[in-house]
Amino acid sequence: MLAQQLLNGIALGFTYILIAVGLTMIYGVLKLLHFAHGVIYTVGAFSAMIGILYLNMNFIVAILFGMIIAGIAGVLVERLAYRPLRGTHPITTLISGVGIAIFVESLFQAIFTSDPRGFPATGMKVEPIHITSSISLTNSKLYIIIVGLVCLLLLYAFLKWTKMGVAIQAVSQDMRAASLMGVNVNQVVAVTFFIGSALAALAGAFVAYDFNSLFPTMGSIPGLKAFCVVVLGGLGSIPGTIIGGLILGIVESLSEGYLTGMVIDKDAIAFVILILILLLKPSGLFGKQVEKV
Amino acid sequence: MLEIEQLSVSYGRIQAVRNISLKVESGEVVTLIGSNGAGKTTTVHAITGVIPAQGSIRYEGKELCGLSAHQIVREGIVLVPEGRRVFPRLNVEENLYMGAYASKMGSAERDQEMERVFQLFPRLAERKTQLAGTMSGGEQQMLAIGRALMAKPKLLILDEPSMGLAPIVVKDIFDTIRQIKQEGLTMLLIEQNAMMALSVADRGYGLEHGEIVFSDHVENLRDQDVVKKAYLGK
């Protein structure tokens, strides 16, 4: 039972990590809380669905398609909602992000209605894999773990060994010094938004496939939980986000297994953690000194 | 090489720099000295495109006013910023690597350039994998200069390289600046420490309350009463 819940928790954790890593990178370069990240996750899931239904894509191509569309959507959000407000009070950009999120959700409701729909059939059935007689994992969750690990390794290699990757780190550490080295900050910001959005889309498409369900507001709770993960791990810290995502996934999964009939919903745990971390260690597990917003 | 005419910079309603004109010829080291708040860093920020300015900044015949910071680096003007501003969580090699960001060097040429920096600053060679944020102020200043040199600048601007450093370290840094000068690099040196600045420069400008108050060859400046009194403490 414990091993089973841990395994489910790790799979869930990787979903949160894929969403949250973009948030933390974006916070890193712009010191911006990107509240429209949840809808990007939705855009990814719906784009993958459209790819399968209308463009005859197979599952993998459709996921990649969803990542690209969501990546472009993320870049556009930055261009239209955040860049014109750069240099203003952080609250202004935050509200702008919330506005974009509401706009996109409403747009999706107008186009697709607010009813949940199933993820289109692709020949990729969700079925359990039995590891031992008592422990099993659905193949979709296994894919999330594998794909998540591969993405994190690729991201690490990109940030460590490519020119653009090092530039992203440099901009996160000192934007002005980076621009004095000839780094086009706007370009770096766009690349960061693209990568973060594509990873969120990956999570969105896999969750839609795993639960066989898509709806326009599907991104709002995962988006908020990703915030909790980022705050738990420490704003701007990628290792912190990974640990934070795993902690949240495992805690949620364990509570589901052991604390049935809880007073609060499982979804509330993330926010309980958020409140505790803000009270006890506001800089997060791996964060630097908190900056006053 | 660099010709600044009638340059003004305002922060809101406060004019920090008023109609200054300044020239740097190819191969010379020019210093801009002045006390805290005189407008030195503002002038540098205007030249490097960090803040917008009115007037004209011509560099090898090309107008720079209106270009952004990352474009100006590509013209060959590179700044060693005040307070060093190395990337604290990148190591020494990665910081130097960032310095070469704008140049179109191949990796072989870049490694060669890095070797040159390590020859100039053997201390950095010993600390290739150390995070810049964990190094001493003097080492960070060496790294900041090394990082700027990685861009193969045609004009190197140093903003207060002596700031916050122990006198013995300042002497080291200025010895290196002298060495770079001998290699023929054109430099604009911004300093509060006029004694040190005048010891390496060919010509000097004095900035006070946002205006140029004197300019001359350093030999003449060292003898002028106004300079002695205000900056050299004699």
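These figures come from a predicted structure and were not determined experimentally. Keep in mind that the numbers below use all heavy atoms, side chains included, and drop hydrogens, waters and symmetry copies.
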Taking all non-hydrogen atoms of both residues into account, name the closest pair between A/V166 and B/Y97 and its distance.
CG2-CE2, 3.9 Å

CZ/A/R83: more than 12 non-hydrogen atoms of other groups inside 6.0 Å
yes

If you round to the nearest 0.5 Å, how far is CG of B/N95 from CD of A/Q173?
8.0 Å

Going through the distances and angles, do B/H45 and A/R176 end up as a side-chain contact (heavy atoms from CB on, under 4.5 Å)?
CA-CA 11 Å; B/H45 282 174; A/R176 176 176 289 174; 3.3 Å; yes

Check whether any side-chain N or O of B/R74 sits under 3.5 Å from a backbone N or O of A/G182 as a donor-acceptor pair, and report yes or no.
yes

Taking atom NE2 of B/H70 and atom CG of A/N186, what is their separation to the nearest 0.5 Å?
7.0 Å

If you apply the rule side-chain contact (heavy atoms from CB on, under 4.5 Å), what do you find for B/Y101 with A/K163, and how did you get there?
CA-CA 7 Å; B/Y101 185 88; A/K163 197 169 169 180; 3.7 Å; yes

Hey, what do you get for CD (A/Q169) to CG (B/L90), rounding to the nearest 0.5 Å?
5.0 Å

Among B/T48, B/V50, B/V78, residue most engaged with chain A (heavy-atom pairs, under 4.5 Å):
B/V50

Kindly compute the distance separating CZ (B/R147) from CE (A/M181), expressed to the nearest 0.5 Å.
4.0 Å

B/E94 versus A/K160: any side-chain heavy-atom pair under 4.5 Å?
yes

Heavy-atom count check: over 12 atoms from other residues, nucleotides or ligands less than 6.0 Å from B/R116 CZ?
no

Roughly how far, to the nearest 0.5 Å, is CG of B/D159 from CG of A/L180?
10.0 Å

So OG of A/S179 and CD of B/Q71: to nearest 0.5 Å the spacing works out to 11.0 Å

Applying a strict 4.5 Å limit to non-hydrogen atoms, the region of B/S68 in contact with chain A is neither

More than 12 heavy atoms of other residues, nucleotides or ligands under 6.0 Å from OH of A/Y156: yes or no?
no

Would you find more than 12 non-hydrogen atoms of other residues, nucleotides or ligands less than 6.0 Å from A/L153 atom CG?
yes

Pick one of side chain, backbone, both or neither for B/P88, based on which atoms fall under 4.5 Å of a heavy atom in chain A.
both

